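In this chain, residues are counted from 1 in sequence order. What you see is a predicted model, and the numbers here were worked out from it, not measured in a lab.
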Amino acid sequence: MSHARSRLTAPIALIALAAIPLGVPAGATAQNPQMTPEERARLMAEYEARIDAELVSERPIEMFDSIWIEELTWMEVRDMMADGYDIAIISTGGIEQNGPYVATGKHNYVLQGTCEAIARELGNALCAPIVKLVPEGDIDEPSGHMRYPGTISLRQETFEAVLDDVASSLKAHGFEHIVFIGDSGGNVQGMANVAARLNERWDDAHAHHIPEYYRYGGGGFLESELGIVETENDGIHDSFGITSLMMTVDPTVVRYDQRVKAGLAKINGVPIAPSEKTIEVGLKLRAYRTALTVEKIRESIARAGT
């Protein structure tokens, strides 16, 4: 992958910045009563000049290989955007009860694998940090998942406000397409609501909600393509498809070793041992969901351009 600003030499502009006072916040100069208005204006002008110079300075080290914004430096994000990365993916997961074997962050672990796969397949997308907190039920009089210890819930208005702020932040930096994908069914309506409001408000960027991402069994993919059939219903908030996806990231989050030891290494009648076989299934399911989601993202972007 080629990046426009990949030279390793530290620019003279960066060295010159050291002569300008660091970290002069907008309100700090006003707290010094001995400073004249002219002195305050001069300090603020110097501060702004420092920021302006820093924003166009060259990256002094090689590019790090990641598509996660939180793993990149601001310079790496800037330079990837300059190279055409104009899509930002906002994924939503949750912290909720998932039966006796699966960690409360189930959806977030799945998204660690799927969001990265989707972004890399698109080739010009970055993943925002996973939105791990979502509506999970009433808080004051606990309902739904909130009846189980460990669940964390947001009010619907809070969730939508967070999505709006995250998307608006990404747009402010120049991303042209903000994509919402949700790994939990309870997140779908909120993402659709926010995407619709953003598109009414924006005229120089587009929000895209991709509901097709939320197809855990791949619309019959496991059964029709891989011959995997869940013959029972354990009555817990889990499935073989979910478990297989999680195991591609980390088998410990489905308590694989403990379940094998206890003779409970199966879900809904399907064995999860040996782990290598289940992980292979999870990778195939991830590839299916990735291909479907990438197709729908590209279709949505094409429609936005007409």
Only counting residues at least two apart or in another chain, list the ones meeting side-chain hydrogen bond (donor to acceptor under 3.5 Å, both in side chains) with [X].
X	result
Gln156	Glu160
Glu116	Trp68, Arg120
Lys296	none
Arg42	Glu46

List the atom pairs, donor and acceptor, that lie under 3.5 Å between side-chain atoms in residues 247-255 and the rest of the protein, sequence neighbours left out.
residue : atom : partner : partner atom : Å
Thr248  : OG1  : Leu245  : O            : 2.6
Thr248  : OG1  : Arg286  : NH2          : 2.6
Asp250  : OD1  : Thr252  : N            : 3.0
Asp250  : OD1  : Thr252  : OG1          : 2.8
Asp250  : OD2  : Thr252  : OG1          : 2.9
Arg255  : NH1  : Thr252  : O            : 2.8

So which pairs with a foot in [range] pass ring-ring contact (aromatic ring centres under 6.0 Å, His included), sequence neighbours left out?
range	value
residues 152-193	His177-His206, His177-His208
residues 248-285	none
residues 118-137	none

Check your understanding: Could you give all pairs that pass the salt bridge (charged side-chain N to carboxylate O under 4.0 Å, His left out) test and reach residues 265-279, with sequence neighbours left out?
Key -> Glu232-Lys266

Study note, to complete from the structure: Hits for side-chain contact (heavy atoms from CB on, under 4.5 Å) against Asp257, two or more places apart or cross-chain, chain-then-number order -> none

**Study point:** Pairing residues for Asn98 by the side-chain contact (heavy atoms from CB on, under 4.5 Å) criterion, not counting sequence neighbours
**Key:**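 For Asn98, the residues satisfying side-chain contact (heavy atoms from CB on, under 4.5 Å) (neighbours in sequence not counted) are Glu96, Val102, Lys106, His237.
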
Review point. In chain order, what residues pass the salt bridge (Lys or Arg N to Asp or Glu O under 4.0 Å) check against Asp238, with sequence neighbours excluded?
Key: none

